[in-house]
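To start, the structure itself, in structure tokens.
Residue numbering restarts at 1 for every chain, and letters A, B, ... go by the order of the sequence lines.
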2 protein chains.
Amino acid sequence: MKRYSTLKDIANALNISTATVSRALADRCDVNQETKKLVQEEAKRQNYKPNPIALRLQNKRSKTIGLVVPEFKSSFFPMVIAGIQKVMDESGFQLLITESQESMEVERRNLKLLENNMVEGILISITREGENTNLYQELIDCGIPLVFFNRVSSKVIASKVVIDDYKRAFFATEHLIYSGFKKIYHFSGPEILMVSKERKKGFLDAMKKHHLEVTDKSVLTAGVFMDKGFSAMQLLIDKNDIPEAIFCFNDPTALGALKAIKEAGLKCPDDVALVGFSETEIAQLVDPLLTSVEQPTFEMGETAARLLLKQINQTPPPEVETVCLLAKLNIRKSSINTHKG
Amino acid sequence: MKRYSTLKDIANALNISTATVSRALADRCDVNQETKKLVQEEAKRQNYKPNPIALRLQNKRSKTIGLVVPEFKSSFFPMVIAGIQKVMDESGFQLLITESQESMEVERRNLKLLENNMVEGILISITREGENTNLYQELIDCGIPLVFFNRVSSKVIASKVVIDDYKRAFFATEHLIYSGFKKIYHFSGPEILMVSKERKKGFLDAMKKHHLEVTDKSVLTAGVFMDKGFSAMQLLIDKNDIPEAIFCFNDPTALGALKAIKEAGLKCPDDVALVGFSETEIAQLVDPLLTSVEQPTFEMGETAARLLLKQINQTPPPEVETVCLLAKLNIRKSSINTHKG
DNA sequence: GATGAGAATGTAATCGTTTACATTAGGTTT
DNA sequence: AAACCTAATGTAAACGATTACATTCTCATC
């Protein structure tokens with residue numbers, strides 16, 4: 001590694017002790033003004049920078065926090081990371097990023113890795129396979145605070161950052177209902193995820209409120225990726241059980257459905273209207289433009305990071321809190337009722 | 001921070017010196033088998049993990065490398081990061097990620113931040129504003145190896161990972177030519193970027209090879225984002241100077257052009273055929289499906305990381321090398337000549 | 001002139017680990 | 001029995017920074 005200038009180098013150059021140098025650079029009052037000036041000049045001359053590793057050892061703080069995200073492919077998590085990064089840079093913390101690849105096993109490995117690297121806290125969005133509840137609890141119990149975001153644990157007590165999935169799903173469904181659609185289906189996400197449950201509940205409650213029929217067939221589990229939305233839609237087309245509108249778990253499944261619709265020679269929104277969720281860039285690029293719920297991704301990262309820093313820096317640590325961020329429904333062409341009025 | 005078990009704790013528990021404990025755990029031959037066993041048991045009992053910070057101070061190595069990417073929005077860089085991450089995890093290095101937000105000024109700040117954090121090397125993809133040549137050179141000169149990827153410096157001598165932009169642009173253009181198009185235009189990227197120049201050169205050379213006319217009007221600078229592709233296409237439509245086909249700098253500009261084509265009531269590929277570059281997820285989702293050059297993003301990250309580790313670990317450092325990764329042209333509907341034979 | 005106060009600086013321990021060198025005890029060789 | 005070897009362990013310095021405590025010196029006070 002590159003050789004850096006140290007306190008000792010400055011001390012030797014000026015024939016004084018490292019203690020004085022340290023004090024001079026910290027601008028302490030019990031150092032002679034002359035000496036202070038000499039030290040500061042010499043430090044500048046040698047381009048001295050305090051060694052962050054030595055400081056960490058001394059302070060017994062790693063000044064590092066860990067992050068576990070399920071994947072990197074979609075732009076959702078990268079945007080969250082950008083938000084986290086901003087807060088970390090401001091507060092002088094380093095960020096250790098790991099990817100669980102939607103696997104509980106890999107997630108466990110990542111958490112162990114972070115623990116071995118002495119992170120002072122962990123930000124995590126869990127896999128869609130499920131949660132490593134015991135491990136989360138262990139980490140918290142032995143003093144490493146966890147903050148969940150987006151995909152949160154339902155069992156562990158910790159600070160969490162979510163968007164109001166239930167409400168947004170409810171409103172998105174109501175939007176379809178107010179548009180005049182009656183036969184409305186839902187493509188739901190992995191049953192194990194809280195967000196899936198919340199969005200499904202929002203859908204069901206909105207339907208119930210408006211006295212619209214909901215049968216076993218109204219909800220299809222379609223996973224998180226495009227191919228699943230595609231095959232779910234194909235299934236409906238094959239069975240000739242085509243709804244007027246579908247509220248989809250997320251944008252990829254909506255886009256998969258859209259592809260199946262087009263391939264079958266049907267039209268969106270004329271034959272089937274679509275609503276996505278968790279706004280992706282693509283929503284504004286496909287034809288027709290996709291109605292979708294926009295999540296404040298960057299802000300989610302910032303918020304989660306701030307909550308974690310609070311847990312780390314305050315003694316005693318503050319009460320855990322769950323922050324619910326506001327999301328916004330962007331209504332576009334894919335959910336316009338072309339038959340009405 | 002959480003309290004971790006140390007060598008001293010084990011030494012105290014067994015009434016021996018930390019030196020012996022250290023040696024026992026390193027499984028050195030000059031330790032009594034009995035002692036070794038006792039130490040290993042006690043270490044397990046206390047869940048001892050070596051303190052990585054102390055090791056770094058001791059070894060005078062930060063075991064950290066830095067990364068500077070221009071942005072997080074598109075999935076391109078996140079996928080590269082995933083590749084880098086994989087190599088780093090395997091080799092026990094930490095990764096410090098920074099985002100320059102396409103600003104030279106922010107890039108300078110990030111590089112300084114990485115230097116202060118004593119990274120042992122830096123991976124960088126430069127901004128589209130241009131390059132901080134002097135700073136790159138300074139870092140290299142004082143012992144921090146740099147490896148460029150994707151958007152590389154044209155002036156600094158260092159290892160680089162690129163895709164064969166020139167060849168792919170050449171072939172993509174030839175694909176349009178072989179499809180029977182004659183009036184072919186190019187929407188080029190920011191003039192300052194090497195990749196822009198390379199792709200433009202590939203386009204021009206392919207046209208020249210096949211003796212097709214190239215005028216001042218054949219190449220329009222369209223930037224990197226969708227809106228620029230959109231306005232460039234609108235300009236052509238307004239001037240009623242509509243080419244049969246356009247080879248675009250990247251997918252977003254192609255999609256922008258596509259939007260303008262549709263809004264003008266024209267059809268792709270019937271009226272204007274399109275070819276994009278640097279495959280995005282979107283290419284497979286739009287109508288018509290977009291022909292595009294697919295880049296090996298994950299592999300690019302892996303390769304760049306490996307090159308950097310070589311620079312760091314070998315003494316004397318190996319010669320710098322430029323690795324050119326293969327990219328692949330995915331031919332889809334947007335570039336099919338519907339008039340031909 | 002002895003005492004004390006206060007300013008400026010130095011000494012040495014600490015953080016957790018490694019390792020060159022020193023020490024000890026026991027056994028073997030002559 | 002003196003000399004030496006070997007195995008096993010301990011001591012202490014080092015990495016770079018901070019800081020409690022100790023020291024030195026000067027000057028003011030009685």
Problem set entry | Nearest-nucleotide 5' precedence on DNA chain D, A/T18 against B/I16 |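 Checking each residue's closest nucleotide, the 5'-ward one belongs to B/I16.
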
Problem set entry | Toward the 5' end of DNA chain D, by each residue's nearest nucleotide, B/N32 or A/L57 | B/N32

Exercise. D/dC15, D/dT11, D/dT18: which one has an atom nearest the side-chain heavy atoms of B/A19?
Worked result: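 Out of D/dC15, D/dT11, D/dT18, the nucleotide with an atom closest to B/A19's side chain is D/dT11.
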
Problem set entry | Shortest side-chain distance from B/Q58, nucleotide among D/dA8, D/dA17, D/dC15 |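 Between D/dA8, D/dA17, D/dC15, the one nearest the side chain of B/Q58 would be D/dC15.
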
For this session: State yes or no: are the ring centers of B/Y136 and B/F148 separated by less than 6.0 Å?
Result: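 Yes: the rings meet the under 6.0 Å criterion.
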
For this session: Take the protein atom CZ of A/R23 and the nucleotide atom P of D/dT19, then report the distance between them rounded to whole Å.
Result: 10 Å

It should be established whether [X] places a side-chain nitrogen or oxygen under 4.0 Å from OP1 or OP2 of nucleotide [N].
X	N	result
A/R28	D/dT19	yes
A/S22	D/dT18	yes
A/Y48	D/dA17	yes

Problem set entry | Boundaries of the DNA chain C segment in contact with chain A, non-hydrogen, under 4.0 Å |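 Footprint of chain A along DNA chain C, 5' to 3': C/dA8 to C/dG16.
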
Exercise. Counting distance only, does the side-chain N/O of A/E120 pair as donor-acceptor with the main-chain N or O of A/I65 below 3.5 Å?
Worked result: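 Pair absent, no side-chain N/O of A/E120 close to backbone of A/I65.
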
For this session: Using a heavy-atom cut-off of under 4.0 Å over every strand shown, decide if B/D30 touches base, sugar-phosphate, or nothing.
Result: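 It contacts base atoms.
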
For this session: Check every strand shown and say whether A/L55 touches a base, only sugar-phosphate, or nothing at a heavy-atom separation below 4.0 Å.
Result: sugar-phosphate

Problem set entry | salt_bridge(A/E105, A/R108) N-O dist < 4.0 Å |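 So A/E105 pairs with A/R108 through a salt bridge.
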
Exercise. Is A/K310 salt-bridged to A/E321, cutoff N-O under 4.0 Å?
Worked result: yes

